[in-house]
Amino acid sequence: MSPVLYRCAVCGRTYPLQERIFRCGCGGFLELQPVSLFDKSKLKLRGRSIWRYREAFGLPDDLVQISMEEGCTPIAEKRFDGFSLQLKMDFMQPSGSFKDRGASVLVSFVSRMGIRDICEDSSGNAGAAVSAYAAAAGLKCTVFVPSYTPESKITQIRMYGAEVVRVPGTRQDANDAAISKSTSSFYASHLWHPFFVMGLQSAAFEIWEDLGETLPAAVIVPVGSGGFLEGMYLGFDSLVRFGYAKKLPKIIGVQASACAPVHIAFVNSRNECADVHTGVTVAEGIAVPRPPRARAVLTALRKSGGYTVAVEDSEILDAARSLSGAGVYVEPTSASTLAAWRKIRSEDRENALLVLTGSGLKATDTYSTFLQGGDAHRSRV
Ligand SMILES: [Zn+2]
């Protein structure tokens, strides 16, 4: 194994990577400090997937990669409201969302550990991504979902061969059920596990490479658990620390007003999320009431000089219409970035880069209801 250690972000305890853990004994979340970066002179010889940046993931050199050529998604330039914007088309991935970046790295790692049985909790993009990579690796996979989850959301997970367990109660109850199961099956959690975050760094590297080894001034990213924001920050920070780029982009995190614990913590200058009242939103991908890695997400926001924006469902659906009208069909969670861009400080608007995280094909029910003029299907949190 590589010399990298897990380090608890709360108490500082370290663990070797051989330990089969997803969090610290104190309950804190684990971090990995990237100790190396890829050699950029080698990139032109490498294939087009996230694995072209493999040295940055902190994994052993002889690891077998569980890959379906994820990543290397294009950046499209489009004009909205008289401004030129860059759209990172990150929904163009094997399972239809950015989560394939994290799933590819995490499932490769757990396979290397000799683990053959994993569990996860998510009825959305993470459940699909982890199920897809478990199938590719030949692992048994169980996904816990809240009992109210519509069948249409579970179909993709079932098609990959994962077992779906419906848990009565809330999204949090599904999370607790997965943690209980983790004594017999490894909890390959997109919410907790730091190797998932390591894989998400790859989006930052791609942006840097595709923009001619420069970084944009501002990047707008949806925030649910905040793992993508944390991962992109780590990637941008490594590029600056290793001398590949000059300045971090300002990272702007977007939450739905109905479920905005990170936004509320940020504007109140807190380092942790408090329990907040949460409602329903069309942007179910970012409706995470208790994000476990919030401390790292809030630190990343502040260190980048960024900030948070909360958006209403009506603004998200307007933005989804605007994007679709330009030929870009994404789910409401992704459209939240354009809704947020319409509310950010004017100096950050020109040439901002919006990260579009999930395909519109994932949100057929929501958009179908929207087009019929009804109350679009909403997440319960
Ligand atoms: Zn700890």
Side-chain angles (χ1 to χ4, degrees), residues 1-36 56-60 102-103 105-110 112-115 118-122 126 130 144 171-201 223-235 237-238 241 253 261-262 264-266 268-276 288-304:
M1 288 286 191
S2 71
V4 177
L5 294 170
Y6 294 124
R7 183 180 174 282
C8 174
V10 176
C11 73
R13 184 174 170 189
T14 59
Y15 298 85
L17 295 190
Q18 291 87 341
E19 294 256 355
R20 294 191 178 193
I21 52 175
F22 67 91
R23 65 180 172 187
C24 180
C26 81
F29 67 92
L30 300 170
E31 292 182 315
L32 292 161
Q33 180 64 48
V35 292
S36 61
F57 302 151
L59 293 163
V105 169
L106 179 55
V107 171
S108 298
F109 174 70
V110 301
R112 156 80 186 205
M113 296 271 290
I115 291 165
I118 62 174
C119 62
E120 165 69 307
D121 59 302
S122 158
V130 169
F144 293 85
R171 175 72 184 79
Q172 190 62 44
D173 293 318
N175 183 238
D176 294 342
I179 291 174
S180 312
K181 165 91 172 171
S182 67
T183 50
S184 59
S185 167
F186 186 77
Y187 181 33
S189 174
H190 71 288
L191 294 171
W192 285 93
H193 207 288
F195 272 115
F196 199 93
V197 179
M198 286 291 102
L200 299 177
Q201 294 180 96
V223 173
S225 67
F228 204 14
L229 191 151
E230 181 192 355
M232 290 182 79
Y233 168 76
L234 288 175
D237 185 58
S238 282
R241 278 193 297 120
V262 174
I264 291 168
F266 185 83
N268 289 296
S269 303
R270 296 188 196 282
N271 294 323
E272 299 281 358
C273 292
D275 280 338
V276 294
V288 179
R290 281 158 52 189
R293 307 182 65 84
R295 183 192 289 242
V297 179
L298 290 160
T299 300
L301 279 161
R302 294 191 176 108
K303 285 194 171 172
S304 80

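What's counted below: heavy atoms across the whole structure, side chains too, no hydrogens, waters or symmetry copies. Start at 1 and go down the list; that is how both ligands and their atoms are numbered. For the single chain, residues carry numbers from 1 onward in sequence order.
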Please say which of Leu32, Val4, Val107 ends up in a side-chain contact (heavy atoms from CB on, under 4.5 Å) with Phe195.
Leu32
Check: Arg20 side chain, Met113 main-chain N or O, donor-acceptor pair, under 3.5 Å
yes
side-chain contact (heavy atoms from CB on, under 4.5 Å) filter on Asp275, not counting sequence neighbours, yields Arg290
Checking Glu19 now: which residues fulfil side-chain contact (heavy atoms from CB on, under 4.5 Å) with it, not counting sequence neighbours?
Tyr15, Pro16, Ile21
Fit a plane to each ring of His193 and Phe109, take the angle between them on a 0 to 90° scale, and name the class: parallel (under 30°), tilted (30 to 60°) or perpendicular (over 60°).
tilted
Within less than 2.8 Å of the Zn ion (ligand 1): protein N, O or S atom count
4
Excluding sequence neighbours, so at least two apart, what forms side-chain contact (heavy atoms from CB on, under 4.5 Å) with Arg23?
Ile179, Trp192
